[in-house]
Amino acid sequence: DTGVSQDPRHKITKRGQNVTFRCDPISEHNRLYWYRQTLGQGPEFLTYFQNEAQLEKSRLLSDRFSAERPKGSFSTLEIQRTEQGDSAMYLCASSPNREGAFFGQGTRLTVV
Amino acid sequence: RKEVEQDPGPFNVPEGATVAFNCTYSNSASQSFFWYRQDCRKEPKLLMSVYSSGNEDGRFTAQLNRASQYISLLIRDSKLSDSATYLCVVTPRNNNDMRFGAGTRLTVKP
């Protein structure tokens, strides 16, 4: 499968714990996005990488969220001290240009 | 005002009907426009880009009106398999994040 891959698909964690998600984009796609989606809403932008450079980060993103793309290939999204409000689907997307992006199946996070 | 606004629906139409969705955006400097489709509990999938001259892909037609800051999606001869949520996406100029609307839900009934 050469699509965008995300791991894990599901994560249940206790409030206050740290979690890390991984995204493997489509090979040679230099653009990588992270989004968050809750029920009934469209995806909400979190951050954007071009190669290894994090070029944009949503002002809505608190300091508890951090993302990396160390070698310009896979990316990780870490949430520290999780809160119940962090429960959502976390989506990763990649693109070779500005002509739309391709999404992975997402990581569903439940904070209990 | 939200950056990208869509009528949430739901739109319930019979098979074979023609249905149209509109989406308005607030940033006049927006540069790129797309429609995505999202099935229940699945990831969004790119349906089509929207160009200034309008574009058509089979039963789907997308149009852009920059003066009024809206884009539209027309689905002709709707099929049961067209049932999904349709997301409008706008990319601001000199920016890289895609801004999504909340989506319009379509149900095509036999």
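Every chain is numbered from 1, with letters handed out A, B, ... down the list of sequences. Every heavy atom of this structure was used, including side-chain atoms; hydrogens, water molecules and symmetry mates were not.
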Got [X] and [Y] here, is their nearest side-chain heavy-atom distance under 4.5 Å?
{"X": "A:Arg108", "Y": "B:Arg41", "answer": "yes"}
{"X": "B:Val89", "Y": "A:Pro43", "answer": "no"}
{"X": "A:Phe102", "Y": "B:Lys45", "answer": "no"}

Original post:
Would B:Phe100 and A:Tyr35 count as a close aromatic pair, with their ring centres under 6.0 Å?
Top reply: yes
Subject >> Which atom of B:Glu43 lies closest to which atom of A:Gly104, heavy atoms considered >> reply: CB-O, 2.9 Å
**OP:** Return the minimal non-hydrogen interatomic distance between B:Pro44 and A:Leu91, and the atom names on each side.
**Re:** CD-CD1, 4.0 Å
When you look at [atom1] of [X], are more than 12 heavy atoms from neighbouring residues, nucleotides or ligands closer to it than 6.0 Å?
{"X": "A:Arg15", "atom1": "CZ", "result": "no"}
{"X": "B:Arg105", "atom1": "CZ", "result": "no"}
{"X": "A:Lys57", "atom1": "NZ", "result": "yes"}

Cluster question for you: counting only ILVMFWY and a side-chain heavy-atom cut-off of under 4.5 Å, with indirect links fine, are [X] and [Y] together?
{"X": "A:Met89", "Y": "A:Val111", "answer": "no"}
{"X": "A:Phe45", "Y": "A:Phe49", "answer": "no"}
{"X": "B:Leu80", "Y": "B:Phe21", "answer": "yes"}

Original post:
What part of B:Tyr36 is in contact with chain A, defined as an atom under 4.5 angstrom from a non-hydrogen atom: side chain, backbone, both or neither?
Top reply: side chain
Subject >> Contact class of B:Gln6 relative to chain A, heavy atoms under 4.5 angstrom >> reply: neither
**OP:** Determine, step by step, whether B:Gln38 and A:Gln37 satisfy the side-chain hydrogen bond (donor to acceptor under 3.5 Å, both in side chains) criterion, reporting the C-alpha distance in whole Å, the side-chain angles of both residues, the deciding distance to 0.1 Å, and the verdict.
**Re:** CA-CA 12 Å; B:Gln38 187 170 28; A:Gln37 187 174 28; 2.9 Å; yes
Original post:
In chain order, what residues pass the side chain to side chain donor-acceptor pair (under 3.5 Å) check against B:Gln63, with sequence neighbours excluded?
Top reply: none
**OP:** Go through the atoms of A:Tyr33 and report whether side chain, backbone, both or neither lie under 4.5 Å from a heavy atom of chain B.
**Re:** side chain
